[in-house]
Asks: 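Below you will find the structure I want to go over with you.
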Amino acid sequence: MADEVTLLDFWASPFGIRVRIALAEKGVKYEYSEQNLKNKSALLLQMNPVYKKIPTLIHNGRSVCESLIIVQYVDDAWKANAPFLPSDPYQRAQTRFWADFIDKKVFEITKKIWTAKGEELEGAKKDFIDCLKLLEGELGEKPYFGGENLGYVDVAFVPFYCWFYAYETCGKFSIEAECPKIIAWAKRCMKKESVSRSLEDPEKVYEFVLELRKRLGVD
Amino acid sequence: MAEVKLYGFWPSPFSHRIIWALKLKGVEYEYIEEDLSNKSESLLKYNPVYKKTPVLVHGDKPIAESLVILEYIEETWPENPLLPKDPYERAMARFWIQYGVDTTAALGAFYHGRGEELEKAAKELLESLKILEEQGLGDKKFFGGESMNLVDISYGALGYLLAAVEEVKGVKVLEPSTLPRLHAWAKNLEELPVVKENMPAYDKLLAFVTGSMNRLAKN
């Protein structure tokens, strides 16, 4: 029975990119459907009635929402290859903890970096670097958070890498100067086709951020 | 078998979640009460990132964040499963557990709100709970069907804790007239032995919530 898979997504969304990487890692053929977030489609509203957000995955007519839940679903539904989570329950718990940390802390802080000014901006930059340093500690000497291969935390975090240029330019700082290990890790991930094909061009992302800033009246 | 320890805080529904899960799985554990105004060395050692309860320590391995702990318990002690086996049903269960994070935030705003803000927070909490009732619970007795599962466990606070906050605030949100099915669900949940025997005494909780709100009012 052929699987019908559609991904409702928005090109610049790091959350959408997570799902693109996950599907690519599993070798799943799917239809990518770019969504207009200013004028949401009937399909999006029908498939994600609670949040009306992207990414939303549609698998054989049934929808799965929320990026990390989608990534876990993709891992469960296509079990044959490239497991994202380790097999040991304790390692799995640690993996879930750090993916949750990225969602709880990293995203909110990075939003401040491209919207805030003055003291608030400086505070956000410091918080961001502190988070990255914690993640560097968790990475340790491993090539990936998942060990020898890409895992759940790699998939959760690497999409933000194509937003780093926008953070650095808006915030006037260098992430590599403070956290070289994270940059080395990201570049290593980018050597994988599933990652390099899923991440967007950082210059394009920066242009998009400038548009958002204008729309939000930041400048 | 390695020792299981739970560092908790008696009024906190996040701690109660873990107690119920451990009890449902028949896991023996040692409970350690934390004084959150004077955190123990152990807590700071076992949860350096957030320094919060609950923390589960299995052998010498700590796990923090209640939802991460719940998944760990489910995987480590697979008897009496608390999550569906089917990948899609599992994803739906995780979606509603994750939705609870928003509900908790709305409950927090209700807890802190005063005057006009309180009215607004009550309205938002009601709207959040309406979605949960209509799309999450539907016509089921429990989120888990005929018996409770991790989703029911994650919404435990909607029973006893919300009732205490409503009483102190003098505003009711979860009532048979506004949320008939969810109200019935909360009553059914509290009748289950594992919940009934493992929740704080109502008057003790009421005194705690009152005291906590008086302290907030002074600041």
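Here the structure is a predicted model, which is why all the values come from computation and not from measurement.
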Asks: Checking A:K26 against A:F84: charged group under 6.0 Å from the ring centre and within 45 degrees of the axis?
Replies: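 Satisfied, under 6.0 Å and within 45°.
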Asks: Between B:P48 and chain A, which part of the residue has a heavy atom less than 4.5 Å away: side chain, backbone, both or neither?
Replies: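 Contact with chain A is absent: no heavy atom of B:P48 under 4.5 Å.
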Asks: Side chain from CB out, backbone as N, CA, C, O: work out which of these in B:R94 comes under 4.5 Å of a heavy atom of chain A, or both, or neither.
Replies: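 Both backbone and side chain.
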Asks: B:F95 and A:Y51: aromatic ring centres closer than 6.0 Å?
Replies: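 Yes - the distance between ring centres of B:F95 and A:Y51 falls below the 6.0 Å cut-off.
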Asks: So for A:W78, is it side chain, backbone, both, or neither that comes closer than 4.5 Å to the heavy atoms of chain B?
Replies: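 For A:W78, no heavy atom lies under 4.5 Å from chain B.
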Asks: Side chain, backbone, both or neither: which part of A:K104 has a non-hydrogen atom closer than 4.5 Å to chain B?
Replies: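 Contact with chain B is through the side chain of A:K104 alone.
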Asks: For B:H58 and B:W77, take the angle between the two ring planes, folded into 0 to 90°, and tell me which bin it lands in: parallel under 30, tilted 30 to 60, perpendicular over 60.
Replies: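 The rings of B:H58 and B:W77 sit tilted, inter-plane angle from 30° to 60°.
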Asks: If you count the non-hydrogen atoms of other residues, nucleotides and ligands that lie under 6.0 Å from NZ in B:K123, is the total more than 12?
Replies: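 Result for NZ/B:K123: open.
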Asks: Report, by ascending residue number, the residues of residues 98-112 of chain B in heavy-atom contact with chain A at a distance under 4.5 Å; give 'none' if the set is empty.
Replies: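 The residues closer than 4.5 Å to chain A, in numerical order, are B:Q98, B:Y99, B:D102.
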Asks: Using the ring of each side chain (for Trp, its six-membered ring), is A:W114 parallel, tilted or perpendicular to A:W163, with breaks at 30° and 60°?
Replies: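 Because their plane-to-plane angle lies in the 30° to 60° range, the rings of A:W114 and A:W163 count as tilted.
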Asks: Counting heavy-atom pairs closer than 4.5 Å to chain A, which one of B:E71, B:E74, B:Q135, B:R90 comes out on top?
Replies: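 Max contact count across the listed options: B:E71.
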Asks: Checking A:Y73 against A:H59: is there a side-chain donor and acceptor pair closer than 3.5 Å?
Replies: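 Per modelled atom types, A:H59 and A:Y73 side chains form a pair under 3.5 Å.
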Asks: Could you please spell out the steps behind the ring-ring contact (aromatic ring centres under 6.0 Å, His included) verdict for A:F145 and A:W185?
Replies: CA-CA 9 Å; A:F145 287 95; A:W185 158 81; 5.2 Å; yes
Asks: Answer yes or no: is there an ion pair linking A:K112 with A:E108, defined by an N-O contact shorter than 4.0 Å?
Replies: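 Not counted as a salt bridge, because no side-chain N and carboxylate O are separated by less than 4.0 Å.
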Asks: Which bit of A:R96 comes within less than 4.5 Å of chain B, counting heavy atoms only: side chain, backbone, both or neither?
Replies: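 Looking at A:R96, backbone and side chain both touch chain B.
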